[in-house]
Amino acid sequence: NKESISSRGALIVLEGLDRCGKTSQSGRLYKYLDEQGHSVESWRFPDRNTGVGQMISSYLANKSQLDDHAIHLLFSANRWEKRSDSISENMQSLMEEKLKSGTTLIVDRYSYSGVAFSSSKGLDIEWCKAPEIGLLAPDLVVYLDISPEKAAERGGYGDERYEQLEFQKKVAGSYLSLRDSSWKVIDATLSIEDVEKKLREVVLDCMMTCHKGKPLSQLWP
Ligand code: TMP
């Protein structure tokens, strides 16, 4: 209908430690919203399909080494390249266009992962935040909360660079200092169905607020 064409979609970000269940929950949420007839897309960062994304992927698989600052900037560049569609004539942002045309984006990791992981290596937090300035601010950040120990028990970690208990403990601490009162924290140790239910509630609520005309904003608010 007319109203839903003129109202915008929501930028929903899921964050959490490795193995917190983000990826399966974003899949379930996508399916639900899609079945309900909403215009919705499922995104993730890093997006390994771009040239920058392939460099990141190789770094994460320990196939290449990079300076901590350099990899941080690549993760950020990967978000910038998805924000802007430089091929389009009017240079309008891809993410922004999608949202404005009414599509809700469910994004698995965003700038908060960038800052939490890099600052856990000892990089200055303000330095880590700087390249994210000007990216679209999420309308909702959902943090799937699990202790590093519990996360590590979940089928074990793979071979990727950051999937180590000691490092994940530092990341958990960094997330804690990034969190603000607007974040919705969901206990990720609940059953899949319970997490899904709580997630749906906060997401539908946020979508309604965006639908009613909440303006888009930029990082960091
Ligand atoms: P993934 O497992 O969700 O694909 O993410 C890959 C790893 O990259 C994960 O350990 C988190 C880390 N990461 C960063 O260090 N910086 C970032 O900006 C993002 C998006 C992820």
Side-chain angles (χ1 to χ4, degrees), residues 11-30 41-83 95 105-138 141-152 154-179 183 188 219-220:
L11 179 53
I12 313 278
V13 168
L14 301 190
E15 288 283 359
L17 297 179
D18 287 293
R19 301 257 154 204
C20 67
K22 263 180 312 81
T23 307
S24 21
Q25 288 297 339
S26 49
R28 284 170 169 257
L29 179 62
Y30 168 80
E41 286 184 17
S42 180
W43 286 35
R44 70 177 307 152
F45 288 109
D47 179 328
R48 304 185 190 217
N49 300 312
T50 69
V52 173
Q54 281 163 21
M55 289 169 75
I56 294 171
S57 189
S58 148
Y59 171 83
L60 289 171
N62 292 305
K63 288 182 184 145
S64 62
Q65 307 306 321
L66 281 169
D67 170 77
D68 291 342
H69 302 80
I71 184 64
H72 180 76
L73 295 174
L74 286 181
F75 273 113
S76 185
N78 188 227
R79 283 183 279 281
W80 278 102
E81 65 181 344
K82 300 301 288 186
R83 184 198 195 283
M95 234 178 181
L105 304 179
I106 303 165
V107 185
D108 184 346
R109 295 195 185 283
Y110 198 56
S111 303
Y112 312 95
S113 284
V115 178
F117 281 76
S118 293
S119 66
S120 296
K121 296 169 167 177
L123 301 189
D124 177 69
I125 193 155
E126 293 307 321
W127 186 91
C128 291
K129 285 168 109 172
E132 310 293 320
I133 294 173
L135 288 172
L136 292 175
V141 182
V142 180
Y143 185 75
L144 296 189
D145 196 20
I146 188 169
S147 73
E149 291 80 7
K150 278 244 166 72
R154 291 188 164 179
Y157 290 134
D159 298 327
E160 287 210 325
R161 194 178 280 264
Y162 299 141
E163 295 179 337
Q164 291 164 17
L165 182 56
E166 287 314 306
F167 187 69
Q168 297 282 326
K169 285 184 188 168
K170 290 188 187 159
V171 176
S174 302
Y175 267 128
L176 207 55
S177 56
L178 277 177
R179 263 195 223 172
W183 287 31
L219 288 177
W220 299 87

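Heavy atoms only: backbone and side chains are in, while hydrogens, waters and symmetry mates are out. These numbers come from a predicted model, not from an experiment. Counting starts at 1 for both ligands and their atoms, in listed order.
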Pairs under 3.5 angstrom, nitrogen or oxygen on both sides, ligand 1 versus protein: list them out, please.
| unit_1 | atom_1 | unit_2 | atom_2 | d |
| --- | --- | --- | --- | --- |
| ligand 1 | 3 (O) | Arg44 | NH2 | 3.2 |
| ligand 1 | 3 (O) | Arg109 | NE | 2.9 |
| ligand 1 | 4 (O) | Arg44 | NH2 | 3.3 |
| ligand 1 | 4 (O) | Arg48 | NH2 | 3.0 |
| ligand 1 | 10 (O) | Asp18 | OD1 | 3.3 |
| ligand 1 | 10 (O) | Asp18 | OD2 | 3.1 |
| ligand 1 | 18 (O) | Arg79 | NH1 | 2.9 |
| ligand 1 | 18 (O) | Arg79 | NH2 | 3.1 |
| ligand 1 | 18 (O) | Gly114 | N | 3.3 |

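- Side-chain rings of Trp43 and Tyr110 stay apart, their centers remaining 6.0 Å or farther from each other.
- Partners of Phe117 under the ring-ring contact (aromatic ring centres under 6.0 Å, His included) rule, at least two apart in sequence or in another chain, are Tyr162.
- Considering Lys169, Arg109, Lys150, Arg161 as possible partners of Asp18, the one that fulfils the salt bridge (Lys or Arg N to Asp or Glu O under 4.0 Å) test is Arg109.
- For Ser64 and Ser58, the side-chain atoms include at least one donor-acceptor pair closer than 3.5 Å.
- Residues passing the ring-ring contact (aromatic ring centres under 6.0 Å, His included) test with Trp127, sequence neighbours excluded: His69, His72.
- In terms of the ring-ring contact (aromatic ring centres under 6.0 Å, His included) criterion, residue partners of Tyr175 (sequence neighbours excluded) are, by chain and number, Tyr143.
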